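Below, chains carry the letters A, B, ... as their sequence lines are ordered, and counting in each starts from 1. Everything numeric here is computed off the predicted structure, so don't read it as measured data.
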Number of protein chains: 2
Amino acid sequence: MPAKRPSPTVLREATRQARSFERVRQAHQREVAEDYVELIADLIDVTGEARAVDLAERLGVTNATVNAALNRLARDGLVTRQRYRSIFLTTEGRRLAEESRARHRIVRDALIKLGVDSETAEIDAEGIEHHISARTLAALREFLEGAGTP
Amino acid sequence: MPAKRPSPTVLREATRQARSFERVRQAHQREVAEDYVELIADLIDVTGEARAVDLAERLGVTNATVNAALNRLARDGLVTRQRYRSIFLTTEGRRLAEESRARHRIVRDALIKLGVDSETAEIDAEGIEHHISARTLAALREFLEGAGTP
DNA sequence: TATAAATTTTAGCTTGCACTAAATTTTGTC
DNA sequence: GACAAAATTTAGTGCAAGCTAAAATTTATA
């Protein structure tokens, strides 16, 4: 029984399907990627290195889950890794982490200025930061600058 | 070859696994449910009925995807449906839809008051509304009430 | 009313992301 | 340096949500 090699038709179909996945992935998956690179950047900056076990602990998931996520991040060019060694951000990964951090800070500070307590602001900012357009971010920035604490 | 019936050990394991899934599911899945019931409520209120084909068109997904989602919503007690007929919200589904709508409006209006143009505000509110705690929502409500357009 | 068109449902596939258990490798200690 | 502990990776499983293609059913029309 031969037929191991996929037919052209099957390949074409696979490509079309992959294309349509792309759109879908960018929705929820970008958030996960941002959370990971942000956390990795924090760990590197604070403790000097990012280890999978720490990521797992902070994110409340298992090592295996983190490992799978890191494989995807590496595939997407956001991190680099050598087997059994700690994790590094690529230039693109670092850029995304910084951007996420800045976004996070602005959202959190805006919420605080609006009267939300800082713990709640921190938590909500975590969820909100991934859904803010450049325009809204600019508006929040202006809101923070204009007429501070009187 | 017997062994069709799962062993007690396997069942116990399945239960534990199911439990841990619950936590995870509530993260992203609640957002999807909220989007669906909100849209279903809108369609019912505006056009008189909610059809799968309209949901698919508005959400930019295929009929098959909508159908699978509706099965989950029905399983979770948010909608009811008869085969090949249009969709209805349960009391719980309607409640969730109203809550989401209110949340959506508040976020959108707050963004507008912060200087974001209404189209962008509408889009961003869609993403943000699922990540707002009760406290932040209250703060936004106060922000909207206090010192309107001068 | 018979047939065509539209809609809904089913079947089968893929990826993401969660889990447990076990294997592999590195690190730490005696 | 050998051995135990810690960490990483792999293997195998499940559900959500997306897709296409095709079957089933309802609705519209000639």
Exercise for the section: Using the side chain to side chain contact (heavy atoms under 4.5 Å, CB included) rule, pick out the option among A:R101, A:E38, A:R108 that qualifies with A:E129. Expected result: A:E38
Quick test: give all pairs of protein nitrogen or oxygen and nucleotides 26-28 of chain C nitrogen or oxygen below 3.5 Å, distance rounded to 0.1 Å.
none

Exercise for the section: Please check the phosphate of D:dT8 (OP1 and OP2 only) for any side-chain N or O of A:R81 closer than 4.0 Å. Expected result: no
Practice task
Report which part of the nucleic acid A:V32 touches: base, sugar-phosphate, or nothing (heavy-atom distance under 4.0 Å, all strands).
Solution key: sugar-phosphate
Exercise for the section: Tell me whether the OP1 or OP2 atom of D:dA17 has a side-chain N or O from B:R72 closer than 4.0 Å. Expected result: yes
Exercise for the section: Specify the separation, in whole Å, of atom CG of B:L70 and atom C1' of C:dT7. Expected result: 13 Å
Practice task
Assess whether atom CZ of A:R81 is packed by more than 12 heavy atoms of other residues, nucleotides or ligands within 6.0 Å.
Solution key: yes
Exercise for the section: For D:dT9, take OP1 and OP2 only and decide whether either is under 4.0 Å from a side-chain N or O of A:N67. Expected result: yes
Practice task
Let me know the distance between CG of A:N63 and C1' of C:dT24, rounded to the nearest Å.
Solution key: 14 Å
Problem - Phosphate contact (C:dT9 OP1 or OP2) by B:R51 side-chain N/O below 4.0 Å - result: no
Practice task
Indicate, with a heavy-atom threshold strictly under 4.0 Å, whether A:A64 touches base, sugar-phosphate, or nothing.
Solution key: base
Practice task
Name every residue in residues 33-43 of chain B that has at least one heavy atom under 4.0 Å from any atom of DNA chain C, in order of residue number, or write none if there are no such residues.
Solution key: none
Handout entry: Polar side-chain atom of A:T120 near backbone of A:V116 as donor-acceptor pair, under 3.5 Å
Key = no
Practice task
Report yes if a side-chain nitrogen or oxygen of A:T65 is closer than 4.0 Å to either non-bridging phosphate oxygen (OP1 or OP2) of C:dC17; otherwise report no.
Solution key: no
Practice task
Taking atom types as modelled, find out whether A:E122 and A:H104 have a side-chain donor-acceptor pair closer than 3.5 angstrom.
Solution key: yes
